[in-house]
Amino acid sequence: PGMPPRPGMPGMPPRPEMRGMPPHRGMPPQPGMMGMPPQPGMPLASQPHMPPAMEQPAQKRQRVEPAKPSLVPEQDFIKQHPGALTVKVVVPLDEKKAVWKFNGQVLEVILPGVAEKVSALKAKLGELLNGMPPKKMKLRVNGGGAFLNKDQQSFADLNLASGIMLELGVKERGRRKK
């Protein structure tokens with residue numbers, strides 16, 4: 001109340017357009033726009049600031065992969081480690097997985113040798129853990145080591161000898177992260 005209505009306000013009729021002039025869009029013209037000459041000291045709107053052509057961008061640092069421990073070839077590892085393979089598996093304590101006997105125990109599994117595949121260990125664990133499906137098992141070398149995610153790899157191929165301790169987990173697929 002008491003303020004005169006401005007053009008373009010709600011409830012007001014639109015402003016009449018003049019012939020040959022672009023319609024008013026609410027933004028006042030600025031120097032260098034709409035044919036107005038730029039004022040001295042003002043940068044031109046059509047020419048963005050360009051760095052000098054002589055400067056080159058800094059070279060990117062090459063990614064350096066951490067050195068992987070060199071593995072002994074599978075056949076040599078089998079010769080170096082004859083006899084049975086004893087694997088200890090740390091089972092987590094999880095009441096939600098009580099059907100699979102996740103009681104925080106350590107299982108000891110004896111396999112014929114290091115030439116055995118990871119799938120053979122998973123099959124034995126399935127028997128000991130009340131029928132837990134091998135596809136649901138996630139095995140990892142204890143202490144944050146490598147995952148044993150390829151069932152067809154042998155323990156010799158992974159250079160894992162008798163007495164190795166593994167951690168068992170459950171593969172979760174398609175769950176939202178918390």
Fill in: Test side chain to side chain contact (heavy atoms under 4.5 Å, CB included) applied to Val109 and Leu121, step by step
CA-CA 7 Å; Val109 180; Leu121 173 64; 3.8 Å; yes
May I ask you to decide if [Y]'s main-chain N or O and [X]'s side chain share a donor-acceptor pair within less than 3.5 Å?
X	Y	result
Asn142	Leu166	no
Asp94	Lys96	yes
Asp76	Pro73	no
Gln153	Leu158	no
Arg140	Leu148	no
Ser119	Gln152	no

Which atoms form the tightest heavy-atom contact between [X] and [Y], and what is the distance?
X	Y	answer
Lys97	Val170	CE-CG2, 4.1 Å
Pro92	Leu168	CD-O, 3.2 Å
Glu108	Lys88	OE1-CE, 3.2 Å
Lys101	Gln105	O-NE2, 2.9 Å
Leu111	Glu116	CB-CG, 4.0 Å
Asn130	Val99	ND2-O, 2.7 Å

Worksheet entry | Check against side chain to side chain contact (heavy atoms under 4.5 Å, CB included), Val114 and Phe77 | CA-CA 8 Å; Val114 291; Phe77 196 84; 4.1 Å; yes
Discussion item. I'd like to know if Leu93 and Met132 are part of one continuous hydrophobic network [Ile/Leu/Val/Met/Phe/Trp/Tyr, side-chain heavy atoms within less than 4.5 Å].
Written reply: no
Worksheet item: In terms of hydrophobic clusters joined by side-chain contacts under 4.5 Å, are Leu107 and Met165 together?
Response: no
Worksheet item: Can you tell if the side chain of Phe102 reaches within under 4.5 Å of the side chain of Glu95, non-hydrogen atoms only?
Response: no
Worksheet item: How far does CD1 of Ile164 sit from OG1 of Thr86, to the nearest 0.5 angstrom?
Response: 12.0 Å
Item to complete: Check the pair Val118 / Lys150 against side chain to side chain contact (heavy atoms under 4.5 Å, CB included), numbers first and verdict last.
Response: CA-CA 7 Å; Val118 172; Lys150 294 182 180 164; over 6 Å; no
Discussion item. Run the side chain to side chain donor-acceptor pair (under 3.5 Å) test against Glu74 and tell me which residues pass, sequence neighbours left out.
Written reply: Ser154
Discussion item. So, applying side chain to side chain contact (heavy atoms under 4.5 Å, CB included) with Leu139, which one of Val87, Leu125, Asp151 is it?
Written reply: Leu125
Worksheet item: Do other residues, nucleotides or ligands put more than 12 heavy atoms under 6.0 Å from the NZ atom of Lys117?
Response: yes
Worksheet entry | Lys171 atom NZ, over 12 foreign heavy atoms within 6.0 Å | yes
Worksheet entry | Audit row: Val141, Phe147, side chain to side chain contact (heavy atoms under 4.5 Å, CB included) steps and yes/no | CA-CA 6 Å; Val141 175; Phe147 282 100; over 6 Å; no
